[in-house]
Structures are given as C-alpha cells and as structure tokens.
2 protein chains.
Amino acid sequence: MTSTEHQEHGRADAPLAGVRPTRQRLAVAAALEAFDDFRSAQEIHELLAQRGEKVGLATVYRTLQRLTESHDVDMLRTEDGEAIYRRCSDTHHHHLVCRECGATVEVEGPAVERWTSSIAAEHGYADISHTLEIFGTCTACTAG
Amino acid sequence: MTSTEHQEHGRADAPLAGVRPTRQRLAVAAALEAFDDFRSAQEIHELLAQRGEKVGLATVYRTLQRLTESHDVDMLRTEDGEAIYRRCSDTHHHHLVCRECGATVEVEGPAVERWTSSIAAEHGYADISHTLEIFGTCTACTAG
DNA sequence: GTCCGGTTGAGAACCGTTGTCAAATCCCCC
DNA sequence: GGGGGATTTGACAACGGTTCTCAACCGGAC
C-alpha cells in the first residue's frame, strides 16, 4: 500500500499475473496445486524443501500474502489463530472443512449473502464483509 | 482435556460457577462487564491495572480461556489472528462488528443454522460447528 | 490453626509472522 | 550484448501474542 502504485494484479486470468513470475513464486503456486486442502505457510515451505526447491520462508509468506490479496488463494485462520491457505475459485464462496484431515468443500450460499447484507443494513452498518466457515468430520474420518 | 476430569463448570447460572471465585477471577469478570465490545486479553489486563487491580497477564489469559470454554464469553479472532473477548448471552448467536470502533450487535439467524446443517449433511460431514461474523462500519463511524 | 490441592505471577519459552538489509536477479534501454 | 536501476530474495533478527514453568501463595475443609 504505497501511494500511486496501482495495477490490477492478479485475477486477470492466471495467478501471479502482473508480477514477475520468478522461480520462487512459481514454485509456491505449484505447491498450492499439490494440495487440495488448507495448509499453513510452514507446511508449504516444507513441501518445497522436500521437492528440492529452495525458497526462503520469508518469500513463501510474502508470496502467499500477495496471492491472498489478489484473491487467488483463500486464507483463513484455525482455531488457534494460525493462517492456512488454499488455492480457490474466483467466485465468492465459503468452506466446509474436515477438522480431522482438512478435506475441504467449497460451498455457496446466496441466501446467507442476502441475509448478512440485510442484517447489516438494518443496523446501519456500511461496507460489509463477512466470514463464514463450517467445520465438521468427513465421512472418511468418521468411519476410520 | 485430561481424562476422567469432569464437572459441569460454568453456565449453571453465573459465570465462574464451579470454580473458586478468587479476587483475580472476579476482577476479570467485572472488567468484561465494563466493555460492550470485543477486547483483547492485553487490553483487559491493562484496564485492570488502571483500576488498581493487580492481576497477572497469565491469569487473565487463563481466566478468559476458562470463561470461553464455559461459553460465558465469546472469543473470536481479528483479521490478524489476535483473540478478542466479550461477555455474551447464552443463546447461540453471531456478531455484527464495527471494524472502526468495535461496536457489536448480537444477531441470530435460524436460517443460517439450518443452512449449515443441511450443507454439512449433504456432504456427509458430522459433528458440525461453524463460525460466522459480519464486519462493517457503523453509523457513527461512517458519519465521523 | 493446619493441611492440601487449586491458583497465582514473574519471567522465560514458544511459535507464527514480519522486518532488515546486503546480495542476487531481472528487465529496460542504449 | 552490456550497464544500470529497480525488484526480489534469503538468512537472520526482531516482534507480539500466547503458553509454560515452578516456587510462593491462598482458600476452604476439618
């Protein structure tokens, strides 16, 4: 957030559009493809290390931050405040997450969107945003 | 979460029911009454200090933890992962929070509760819980 | 009063995250 | 094709919120 700096990065079509596609940034993006569920920055950093991709932890954080800002990845917080990341579709959606294995389903709820807007309007709140995540235990984990 | 330890603390009628009502715990509970909005543990600790109540920071954390577990206070996380607390009613509810001043409205949304349950069932997820918070700018802050 | 287990507090430890800054890298332009 | 300036990187330190440690302390039962 400097001052006049302004270019519609991201969300043009591919992630990382508008920024230099360095080896490190590509590696992080690729790593995100390897997961289907939410992972912490440190886990991603570890995966990269295992793959032989040497990327500094700070760079992983910086890249994830950037991708989050451009809405190419979703970031949410675990119960204990740790940030976890996952590549995402570009429509507004929420998550149904298994608290055992992390398996994630993206869900949409137009009714909820409408409800939050009307509640907010009703109380005179402007410029609304909301967070909604659903946690549960998936079939596989219930069985196991 | 030890093993056989089990006694229905809290939620009997008053907060802190079932535990020793020490000076420190009472002070924290009283401090929570002084706020109408979400505050961090450190802010609460500060308020206590200002009031001349000497309570260790660790104790504030421990007490808030306990009150959260017994559902006498709500805990939620700010965008940057910090835990904030607020005394709450005992019915299940969500919050409409002003991101400027923290002014909070408790809201209920039976439809949302139903929606999350059905979504979860639909995907075979069991033992469901969910988080839903709405952030916006309240009338006062929009005007100011 | 005495005893005992729950509680406290000061500080260290912890851990995820961000800042620092010199070195490396990249891209534009000549 | 090579220089130069801006961007990016990475090792490491610093930071901030939270939890742990453990000896001293206290409260309630008898």
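Not measured: the values here are computed from a predicted model. Reminder, nothing fancy here: chain letters follow the sequence lines and each chain counts from 1.
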Trace of the salt bridge (Lys or Arg N to Asp or Glu O under 4.0 Å) decision for A:Arg87 with A:Asp74: CA-CA 6 Å; A:Arg87 66 173 160 42; A:Asp74 289 326; over 6 Å; no
Side chain to side chain contact (heavy atoms under 4.5 Å, CB included) between B:Val112 and A:Thr116, worked out: CA-CA 10 Å; B:Val112 177; A:Thr116 55; over 6 Å; no
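Evaluation of the side-chain contact (heavy atoms from CB on, under 4.5 Å) rule for B:Arg51 yields B:Ala30, B:Ala34, B:Leu47, B:Glu53 as partners, not counting sequence neighbours.
Judged by distance alone, the side chains of A:Arg66 and A:Thr63 never bring a donor and an acceptor atom under 3.5 Å apart.
Residue A:Lys54 contributes atom NZ, which lies 11 Å from atom C1' of D:dT9 at whole-angstrom precision. Protein atom NE2 of B:His45 is 13 Å distant from nucleotide atom P of D:dT18, rounded to whole Å. Following rounding to the nearest Å, B:Leu76 (CG) and D:dG17 (P) show an atom-to-atom distance of 16 Å. Between B:Arg39 atom CZ and D:dG17 atom C1' there is a gap of 18 Å when expressed in whole angstrom units. With rounding to whole Å, B:Leu64 atom CG is found 10 Å from D:dT19 atom P. Counting to the nearest Å, the C1' atom of C:dG9 and the CD atom of B:Glu53 are 15 Å from each other. Atom P of nucleotide D:dC20 and atom CG of A:Asp80 are separated by 12 Å, given to the nearest angstrom.
Of the charged side-chain nitrogens involved, none lies within less than 4.0 Å of a carboxylate oxygen, so that A:Arg77 and A:Glu133 do not count as a salt-bridged pair.
Of the candidates D:dA11, D:dT9, C:dT8, D:dT9 carries the atom nearest the A:Gln24 side chain, counting heavy atoms from C-beta on.
Under the salt bridge (Lys or Arg N to Asp or Glu O under 4.0 Å) criterion, the residue pairs touching residues 37-48 of chain B are B:Asp37-B:Arg39, with sequence neighbours excluded. Pairs of residues two or more places apart, or lying in two chains, that qualify as salt bridge (Lys or Arg N to Asp or Glu O under 4.0 Å) and include a residue from residues 110-127 of chain A are A:Asp127-B:Arg99.
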Reading 5' to 3' through nucleotides 22-30 of chain D, protein heavy-atom contacts under 4.0 Å coded B for base, S for sugar-phosphate only, - for none: -----S---
Contact pattern, 5' to 3', of nucleotides 12-17 of chain C - B, S or - by protein heavy atom under 4.0 Å: ----SB
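Cluster partners of B:Leu57, using a side-chain heavy-atom cutoff of under 4.5 Å among ILVMFWY residues and allowing indirect links, are B:Tyr61.
Between B:His94 and B:His130, the ring-plane angle classifies as tilted under the 30° and 60° cut-offs.
Within the 4.0 Å cut-off from OP1 or OP2 of C:dA24, not a single side-chain nitrogen or oxygen of A:Arg23 is found.
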